[in-house]
Every structure is written in structure tokens, then in C-alpha cells.
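A short worksheet on the structure shown next.
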Amino acid sequence: MSERRESVAAARFARATGQTILKAETPRAWVEAAVQDLPTLLVDHANCEKKAASTAMALIFAYPEDRSLAVALSRLAREELKHFEQVERLMKKLDVPYQRMKPGRYASELRKLVRTHEPRRKLDLMIVHALIEARSCERFRLLSKHLPAQVKELYAQLERSEARHFELYLNFAEREFDAREVAERLAIIAAREAELATSSDEDLRFHSGPPA
């Protein structure tokens, strides 16, 4: 393969795994903590899939005039609920009981950066959810290397799905807004996302930093 083709292939891989928009890698300490506490990881993962579906539905209602976005998010919501069912089945198979958990700080802190006036609110929401999906993609990839075979198989599959999801949100942002504005907002929000994903957290969550 020529040097140019290798460069193009590397760029495509980076884009597909979210590496082009994430400003920091997940710390090894988080991966080690997640592998050691699989029940907590799976319960919070199930919650995340439900939240992702509800987020997609909320955006459909928020922007009904954007028909292409609504159709794409309808499909995404159904896929996220399918993922929830897959995690739920895995939890039953591994005898992991469901328990109520307080949400982590990650998503709520990111949403604090979302501007309240339109159409800038829409842009920020697309970027926030692109980053969340990209982080999920990265963590599925990291975790699949260390978890039991049954979990590894599911997480390898979900990594590919999350890559498509992050592309969906980012593509809609780039379709509607000026490239420079998208890049500027992405830089700001991605910097905060990196802080949240790498700094110490009180509790282990799928999108938390390493537990203190």
C-alpha cells in the first residue's frame, strides 16, 4: 500500500472510531476499574442505552421540521433500545442484578455548555451527542480487549454501531452549519469532554473518569 493510501486508510479508521474528535484517551485506570467491576459497568451501560434512545426521541420532538434528522434519529432510537435489550439479556445470563444508580456528572456537565438560543442550541446538541457516542465507541474498543468472551463479543459489535452514531450527529452539524463554526464549538466542547473523561470521579460509570 502506498504512503498516501496508508494515510487515507488511517484517517478513515480514526474518523470511524471517534479519535478525530476526542481530545484525550480514556485513562488505563478507568479501564482497569471497569474490568474489575463488571456488574456496575453493565448496569450503567444499560442505563446509557436507554438514555441514548430517549435523547434521540427528544431531538425528534425538538426539531420536527428537520425531517431527515427525525427519520435518522428514529432509526437510531430503535437501535439504542435494541442495544439495551442485548445488555439486559447479558446481565441475566451473567446473573447481574439490576439496581438503581444515580447518574454520573459526565452528560449533565456537557449539557451545561449547550447554548439556549437557536439555531446555536441545535449545533451544540449535535456536537455534545457526537462526543458522547465517540467516547462510547472508544471505550467499547478498549473494554473488548479485556472482558470475558460473551461481553467482548457484544462490545466489539457495539463499537461499530457507536461509530455510526457519532458520525450521524456530526454529519448533521456539518450539513447545517458553517465548517468554521462547527470546528470552533467542537474544540471548546471536546476540551471539556476530555476533562470529564480523564479526571477522577466519585463513582465508576460508563462515561466517568477513573474512580477516586
Side-chain angles (χ1 to χ4, degrees), residues 8-26 45 47-84 86 103-104 106-141 157-197 206-207:
V8 170
R12 286 176 177 169
F13 175 79
R15 176 85 172 192
T17 56
Q19 294 176 20
T20 53
I21 66 171
L22 297 177
K23 297 297 184 184
E25 295 182 358
T26 290
H45 177 191
N47 287 336
C48 288
E49 298 293 357
K50 289 185 288 184
K51 290 174 186 174
S54 66
T55 291
M57 290 299 298
L59 290 171
I60 290 173
F61 283 102
Y63 303 106
E65 69 286 350
D66 192 338
R67 297 172 69 177
S68 59
L69 177 66
V71 171
L73 291 180
S74 176
R75 293 171 181 155
L76 187 148
R78 292 198 299 274
E79 189 171 8
E80 300 287 17
L81 288 174
K82 179 182 176 181
H83 294 168
F84 162 70
Q86 290 175 298
Y106 178 84
S108 61
E109 287 295 316
L110 283 179
R111 290 193 185 99
K112 290 179 180 179
L113 297 178
V114 175
R115 292 169 289 184
T116 58
H117 57 285
E118 298 290 2
R120 304 300 175 244
R121 178 176 182 272
K122 185 178 183 181
L123 170 60
D124 289 353
L125 285 170
M126 294 298 110
I127 290 174
V128 163
H129 294 299
L131 286 163
I132 293 173
E133 299 286 355
R135 182 61 67 185
S136 298
C137 177
E138 183 229 20
R139 292 194 167 181
F140 284 133
R141 175 173 54 81
Q157 173 190 337
L158 294 181
E159 177 194 347
R160 296 187 290 272
S161 296
E162 299 306 303
R164 287 188 286 102
H165 296 174
F166 116 73
E167 284 275 14
L168 184 153
Y169 281 114
L170 194 58
N171 286 342
F172 274 103
E174 293 173 340
R175 176 205 65 175
E176 188 167 337
F177 297 91
D178 177 76
R180 180 176 178 179
E181 183 177 12
V182 173
E184 289 175 351
R185 290 303 294 171
L186 179 57
I188 292 170
I189 300 174
R192 179 59 176 147
E193 192 280 339
E195 291 176 3
L196 293 166
F206 193 87
H207 291 103

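Ion pairing between a basic and an acidic side chain is recognised when a charged N comes within 4.0 Å of a carboxylate O; R180 and E184 show such pairing. D124 has no carboxylate O lying under 4.0 Å from a charged side-chain N of R111, or vice versa, which leaves the two without a salt bridge. The residues D178 and R185 are annotated as not salt-bridged, no charged nitrogen and carboxylate oxygen being separated by less than 4.0 angstrom. Between K112 and E109 there is a salt bridge, since at least one side-chain N of the basic residue sits less than 4.0 Å from a carboxylate O of the acidic one. The pair R120-E181 counts as a salt bridge, with a side-chain nitrogen and a carboxylate oxygen less than 4.0 angstrom apart. Salt bridge annotation for E162-R139: absent, with no cationic side-chain nitrogen under 4.0 angstrom from a carboxylate oxygen.
Looking at residues two or more places apart in sequence or on another chain, you find no salt bridge (charged side-chain N to carboxylate O under 4.0 Å, His left out) involving E25. Looking at residues two or more places apart in sequence or on another chain, you find no side chain to side chain contact (heavy atoms under 4.5 Å, CB included) involving A187.
More than 12 heavy atoms of other shown residues, nucleotides or ligands fall within 6.0 angstrom of atom CZ in R115.
Between A56 and L76 the shortest heavy-atom distance is CB-CD2, 3.9 Å. Scanning all heavy atoms of the two residues, the minimum distance from E138 to T26 falls at OE1-OG1, 2.5 Å. Residues K23 and A191 share a closest heavy-atom pair of CG-N, 4.1 Å.
For the residue pair Y63 / R121, a side-chain donor-acceptor distance below 3.5 Å is found, with atom types taken as modelled.
Atom CZ of R135 and atom SG of C48 lie 13.5 Å apart (nearest 0.5 Å). Here the CZ atom belonging to F172 is positioned 4.0 Å from the OG atom belonging to S68, to the nearest 0.5 angstrom. Separating the CD atom in E176 from the CG atom in L69 is a distance of 8.5 Å, to the nearest 0.5 Å.
The ring pair (Phe, Tyr, Trp, His ring centres under 6.0 Å) contacts involving residues 108-134 comprise H129-Y169, where partners must be two or more places apart or lie in separate chains.
Side chain of E79 to main chain of H83: no donor-acceptor pair is present (N/O by atom type, distance under 3.5 Å, no hydrogens or angles). No donor-acceptor pair under 3.5 Å is formed between the side chain of S74 and the backbone N or O of A70.
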Inset, instruction - Check the pair F140, F206 against ring pair (Phe, Tyr, Trp, His ring centres under 6.0 Å), reporting the backbone distance first and the verdict last. - result: CA-CA 10 Å; F140 284 133; F206 193 87; 5.1 Å; yes
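Evaluated for a side chain to side chain contact (heavy atoms under 4.5 Å, CB included) with V114, the options I127, L123, I189, V128 yield exactly one hit, V128.
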